[in-house]
Amino acid sequence: QVQLVESGGGLVQSGGSLRLSCAASGRIYAISAMGWYRQAPGKQRELVATITDAGTTNYADSVKGRFAISRDNAKNTVYLQMNSLKPEDTADYYCHAESTIATIERTTVMDHWGKGTLVTVSS
């Protein structure tokens, strides 16, 4: 089991910056990848950025060049540096972690989600 707690959301003006943090606890040794997703009102949850233990990153086209995902040495915390924020970035941002657990029968990949942190970008 993995627990995720996001922080850093808030209100920021268009063009401003914000840094989100996600702290993982529990079976953090099993985490293989972490990332950020967001969901705006009336829209489906979408991928923002992900990062693997190897450091491979992936970004949504809409945030590429503006957002940067990173992780700490223990790989139990991820950050999302958001620059040049736009009103369309307004959404609930959810931390995500993917963990791989091995049992006698199988190796299982599990998804874990935080409760979200609200980012509001005003114009």
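Residues take their numbers from the sequence shown, with the count starting at 1. Atoms considered below: every heavy atom in the structure, side chains included; atoms not considered: hydrogens, waters and symmetry mates. Fair warning: this is a prediction, and the values are worked out from it, not measured in the lab.
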Legend entry - Side-chain heavy-atom pair Tyr79, Arg19 within 4.5 angstrom cut-off: yes

Inset, instruction - Indicate the ring-plane relationship of Tyr37 and Trp113, choosing parallel, tilted or perpendicular according to the 30° and 60° boundaries. - result: perpendicular

Inset, instruction - Quick one: pull up CH2 in Trp36 and CG in Leu20 and give me the separation to the nearest 0.5 Å. - result: 4.5 Å

Legend entry - Any side-chain heavy-atom pair of Met34 and Leu4 under 4.5 Å: yes

Inset, instruction - Check whether the side chains of Asp53 and Ser32 place a donor and an acceptor atom closer than 3.5 Å, and report yes or no. - result: no

Inset, instruction - Answer yes or no: is there a side-chain heavy-atom contact under 4.5 Å between Val2 and Met110? - result: no

Legend entry - Check: Ser70 and Gln81 side chains under 4.5 Å, non-hydrogen atoms: no

Inset, instruction - Answer yes or no: does atom CD of Gln39 have more than 12 heavy-atom neighbours from other residues, nucleotides or ligands under 6.0 Å? - result: yes

Inset, instruction - Please report the shortest heavy-atom distance between Cys95 and Val78, naming the atom on each side. - result: SG-CG2, 4.0 Å

Inset, instruction - Kindly indicate whether the side chain of Thr100, heavy atoms from C-beta on, has any atom under 4.5 Å from the side chain of Thr107. - result: yes

Inset, instruction - To the nearest 0.5 Å, tell me how far Asp72 CG sits from Thr77 OG1. - result: 4.0 Å

Inset, instruction - Determine, for Lys86 against Asp89, whether the closest basic-nitrogen to carboxylate-oxygen distance falls under 4.0 angstrom. - result: no

Legend entry - Expected output: side-chain Arg71 to main-chain Ala33 donor-acceptor under 3.5 Å: no

Inset, instruction - Please say whether more than 12 non-hydrogen atoms of neighbouring residues, nucleotides or ligands are located less than 6.0 Å from CD in Glu88. - result: yes

Legend entry - Check: Arg38 and Val119 side chains under 4.5 Å, non-hydrogen atoms: no

Legend entry - Beyond-backbone contact of Phe67 with Leu85, side-chain heavy atoms, under 4.5 angstrom: yes

